[in-house]
J.: 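I have a structure I would like to understand better, so I am pasting it below and will then ask my questions one at a time.
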Amino acid sequence: MFSEVDMEERLVSKLVMAHPGELFRRRYLERHNISVQDAATKLNIHRENLMHFLNGNAPVSKELASKLETLTHVSANFWISWQNDYDRQQTEKTRQQNVDA
């Protein structure tokens with residue numbers, strides 16, 4: 001039998017996680033009707049760098065997580081943890097595709 005922790009891990013592994021940039025876009029920019037340029041200015045980063053993050057092409061760095069915390073009032077640890085979980089899921093997805101191939 002599976003323990004409660006095992007069952008939770010299996011359930012989470014089946015959920016498709018959004019990249020943290022997508023999460024930020026949906027939960028902050030779109031919800032508050034903030035443009036990418038305005039967000040980049042508030043975060044004190046180049047618009048192009050923010051676009052890479054929003055499009056899932058750049059991870060959350062410690063520096064960006066700290067800036068996101070200041071802007072969103074969501075802890076930097078949340079953003080780093082979300083990135084780590086997303087990366088784990090992507091690694092597992094790639095591993096599974098290689099096994100299935």
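Small disclaimer: the values here were computed from a predicted structure and weren't measured.
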J.: What is the minimum heavy-atom distance between A40 and R47, and which atoms define it?
T.: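 The pair with the smallest heavy-atom distance is CB-CA, 3.8 Å.
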J.: Would you name the heavy atoms of P59 and L64 that are closest together and state the gap between them?
T.: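 Looking at all heavy atoms of both residues, the shortest contact is O-CD2, 4.4 Å.
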J.: Give me the atom names and distance for the closest heavy-atom approach of V36 to L50.
T.: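 In this case the closest contact between V36 and L50 is O-CD2, 3.4 Å.
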J.: What distance do F53 atom CZ and E22 atom CD have between them, rounded to the nearest 0.5 Å?
T.: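 Those atoms lie 10.5 Å apart.
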J.: Output yes when E63 and K67 qualify as a salt bridge under the 4.0 Å nitrogen-oxygen rule, no when they do not.
T.: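 Salt bridge: yes.
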J.: If I compare all heavy atoms of Q89 with all of M17, which pair ends up nearest, and what's the gap?
T.: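 Scanning both residues, the minimum pair turns out to be OE1-N, 2.8 Å.
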J.: Just wondering, do N98 and R95 contact through their side chains at under 4.5 Å, heavy atoms?
T.: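 They are not in contact (no side-chain heavy atoms under 4.5 Å apart), so the answer is no.
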J.: With under 30° as parallel and over 60° as perpendicular, where do the rings of F24 and Y28 fit, or are they tilted in between?
T.: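 Parallel.
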J.: If I take atom OG1 from residue T72 and atom CZ from residue R31, how far apart are they, to the nearest 0.5 angstrom?
T.: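 It is 11.5 Å, given to the nearest 0.5 Å.
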J.: Return yes if some donor-acceptor pair links the side-chain N/O of T91 with the main-chain N/O of D87 below 3.5 Å, else return no.
T.: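 At least one qualifying donor-acceptor pair exists.
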J.: Enter the distance from N44:CG to L71:CG here, rounded to the nearest 0.5 Å.
T.: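 Here the interatomic distance stands at 11.5 Å.
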J.: Can you name the one residue among F78, W79, Y86 that meets ring-ring contact (aromatic ring centres under 6.0 Å, His included) with W82?
T.: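 By the ring-ring contact (aromatic ring centres under 6.0 Å, His included) criterion, W82 pairs with just one of F78, W79, Y86: F78.
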J.: Carefully, step by step, assess K93 and Q97 under the rule side-chain contact (heavy atoms from CB on, under 4.5 Å).
T.: CA-CA 6 Å; K93 181 179 174 183; Q97 288 172 343; 3.7 Å; yes
J.: Rounded to the nearest 0.5 Å, what separates atom CG in N77 from atom OG in S66?
T.: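 One finds 10.5 Å between CG of N77 and OG of S66.
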J.: Please give me the minimum heavy-atom distance between K42 and I34, naming the atom from each residue.
T.: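 So the minimum-distance heavy-atom pair works out to NZ-CD1, 4.4 Å.
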J.: More than 12 foreign heavy atoms under 6.0 Å from CZ of R26: is that the case here?
T.: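 Yes, because the 6.0 Å sphere around CZ of R26 holds more than 12 heavy atoms from other groups.
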J.: If you draw a 6.0 Å radius around CG in N57, do more than 12 non-hydrogen atoms from other residues or ligands fall strictly inside?
T.: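 Yes.
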J.: In terms of heavy-atom contacts, does NE2 of H46 have more than 12 from other residues, nucleotides or ligands at under 6.0 Å?
T.: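 Atom NE2 in H46 is not packed in, count stays at 12 or less.
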J.: Would you check if R25 and E30 make a side-chain contact, meaning some heavy-atom pair closer than 4.5 Å?
T.: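 They are in contact (side-chain heavy atoms under 4.5 Å apart), so the answer is yes.
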J.: Might you point out which heavy atoms bring L54 and G21 nearest each other, and give the distance in Å?
T.: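 What the structure gives for the nearest pair is CD2-O, 3.4 Å.
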